[in-house]
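I have placed the structure first, in the form of structure tokens, so that the comments after it can refer back to it.
Chain identifiers are assigned alphabetically (A, B, ...) following the order of the sequence lines, protein sequences preceding nucleic acid strands; residue numbering begins at 1 within each chain. All values below were derived from every heavy atom in this structure, side-chain atoms included, with hydrogens, water molecules and symmetry-related copies excluded.
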Amino acid sequence: MEKNLNLSLKVWRQKNAKDKGQFETYKVNDISTDMSFLEMFDVLNERLIVDGKEPIAFDHDCREGICGMCSMFINGRPHGPKQGVTTCQLHMRSFNDGDTIVVEPWRASPFPVIKDLVVDRSAFDRIISAGGFISINTGNAQDANSLPIPKDDADESFAAASCIGCGACVAACKNASAMLFVSAKVSQLALLPQGQPERKQRVMEMVAQMDSEGFGSCTNTGACSAECPKEISLTHIARMNRDYISAELSSTK
Amino acid sequence: MNWVTKMFSSSLGQKFIMALTGLFLCTFLVIHMIGNLQLFKSDFGLAFNTYAVFMTTFPLIKVVSYLLYASVLFHAFKGFMLIAKNRKARPVKYAVQDGAANSHWTSRNMGILGTIILLFIVVHMKNFWYEYKFGHDVGYTAYIQDIHKDTLVSQAMEPTYTQVKKIEEVNYSNESGQYHVTIVKDLYKEVAVEFKEWWLVALYVLCMFAVAFHLYHGFQSAFQTFGINHSKFNGLIKFIGIWFFSVIIPASFAAMPLFFFFK
């Protein structure tokens, strides 16, 4: 059995969107290395409640790495030190006894802090509403075999579709750019026949919405892809760059 | 809004212009480096000085050079604007941010590297471009080639000497042989004199490191911005970006001041 951990946590506390916020330091003792990072926060929050203090607000939902809610910037990296994981999949065995862990919310002007570690990511929803869909107005589902799709394209589309919209790409990017998210959502449809009718319009409108939300621009540092829990590839950003320019040049709008 | 304005004012369009001007500046570096290799010739600067006349008089080169000045200014100006915009996208900074864990440091410091290069261009233009075109320090030199014996002698003209055309060439012969005389502004000598200053040499060499690091990220990044990211070509783009643009080009440029300093 591994030795349990005693840790110092420096956590961002902010009462509401208007509050200035500051760091507070908490000691947590006897933390099992098998706990997830969120379970460690549960333990801390239980104690804060017992002590009559305000527990730390943080987002979480599925706790199995698919909801994309657990937005924590841990020791300078989104979702902490491991690659390809969300915060709920980060285990305390990734830390050492006596460590000080700094936990901050995502920092980006389109992601305003609601409380403590909770940010409002509805900017992503507005980008999806702008064009991240296909329009099927009526009728039954078609026979799947009537639409031949090359296996490679299907795989590539599926890889893009594995984006959970967690916002780690924006959080990691030095410019708070949303290019990886938007490009994944553009690519998953651009690669499939169902996405073709609205392909040009989609990329132009999603890029316009992304810009109006106030995200920064892409400088191809690759930090987004390196920190993405689903390891979405930079090739999707390249595809969106191509699609955007060719859509602007060739569309009638 | 006009579609062209709309396209180039979007975040993707602006990056597209950055990539386009950046790659254009890369092609300029190739020409500039190859041309300047003539500084290494042991001909008292004849080849280099006649090349300098060609570069400042040939109409096509003149047009391209104005396009080049515009690109430098645009690339720098747009770069600063994008940095300001990107800073605004994160008004509250992280207390701890571990950029080294997920990206190369050159890619995170393009603005600083670019600023160093911009300041270098100002110094460099003052040293040579301004002095050559408007300064009074660059004198004329006559090169006397013996056509039969294939020997070359250079003779600096009086400091007060001046001529209307940038290059004067005459053939003459006397009892000792046939000669071809070329009289040009001696930019080569200006280069040789300037690069005897140790601090200027040090500045030039250090700035070439900034060029190397800027292009290490910049060249490859431009292709990604154009949407060229494909397993068939990425190896070649990376190879050219690293070995040619961030090693051979800056090293060749750095070798020039060092050559004259130790000569």
> If you look at every heavy atom in B:Pro91 and A:Ser109, which pair is closest and at what distance?
Replying inline: CD-CB, 3.6 Å
> Which pair of heavy atoms, one from A:Pro110 and one from B:Ala89, lies closest together, and at what distance?
Replying inline: CD-O, 4.0 Å
Using non-hydrogen atoms only, which part of [X] is less than 4.5 Å away from chain B: side chain, backbone, both, or neither?
{"X": "A:Leu249", "answer": "both"}
{"X": "A:Pro105", "answer": "backbone"}
{"X": "A:Ala171", "answer": "both"}
{"X": "A:Asp211", "answer": "side chain"}
{"X": "A:Phe23", "answer": "side chain"}
{"X": "A:Phe215", "answer": "backbone"}

Within the supplied structure, the quantity of interest is the number of heavy atoms (other residues, nucleotides, ligands) at a distance under 6.0 Å from [X] [atom1]; does it exceed 12?
{"X": "A:Lys15", "atom1": "NZ", "answer": "no"}
{"X": "B:Tyr69", "atom1": "OH", "answer": "yes"}
{"X": "B:Lys93", "atom1": "NZ", "answer": "yes"}
{"X": "B:Phe239", "atom1": "CZ", "answer": "no"}
{"X": "B:Phe77", "atom1": "CZ", "answer": "no"}
{"X": "B:Arg87", "atom1": "CZ", "answer": "no"}
{"X": "B:Lys88", "atom1": "NZ", "answer": "no"}
{"X": "B:Tyr130", "atom1": "OH", "answer": "no"}

Given side chains that start at C-beta, do those of [X] and [Y] come closer than 4.5 Å, heavy atoms only?
{"X": "A:Asn175", "Y": "B:Lys85", "answer": "no"}
{"X": "B:Leu12", "Y": "A:Met210", "answer": "yes"}
{"X": "A:Arg77", "Y": "B:Gln97", "answer": "no"}
{"X": "B:Phe226", "Y": "A:Ile245", "answer": "no"}
{"X": "B:Ser10", "Y": "A:Tyr244", "answer": "yes"}
{"X": "B:Lys15", "Y": "A:Thr219", "answer": "yes"}

> Which of the residues A:Cys173, A:Cys224, A:Ser212, A:Ser251 is involved in the greatest number of heavy-atom pairs with chain B at under 4.5 angstrom?
Replying inline: A:Cys173
Look only at the side chain of [X] and the backbone of [Y], and say whether a donor-acceptor pair between them is shorter than 3.5 Å.
{"X": "B:Asn229", "Y": "A:Ala238", "value": "no"}
{"X": "A:Glu104", "Y": "B:Val96", "value": "yes"}
{"X": "B:Arg90", "Y": "A:Ala108", "value": "no"}
{"X": "B:Gln224", "Y": "A:Leu234", "value": "yes"}
{"X": "B:Asn86", "Y": "A:Ser217", "value": "yes"}
{"X": "B:Tyr94", "Y": "A:Arg107", "value": "yes"}

Hey, what do you get for [atom1] ([X]) to [atom2] ([Y]), rounding to the nearest 0.5 Å?
{"X": "B:Asn109", "Y": "A:Lys174", "atom1": "CG", "atom2": "NZ", "result": "7.5 Å"}
{"X": "A:Met204", "Y": "B:Trp3", "atom1": "CE", "atom2": "CH2", "result": "10.5 Å"}
{"X": "A:Thr235", "Y": "B:His230", "atom1": "OG1", "atom2": "NE2", "result": "10.0 Å"}

>> Side chains of A:Asn220 and B:Thr225 only: does a donor on one sit below 3.5 Å from an acceptor on the other?
In response: yes
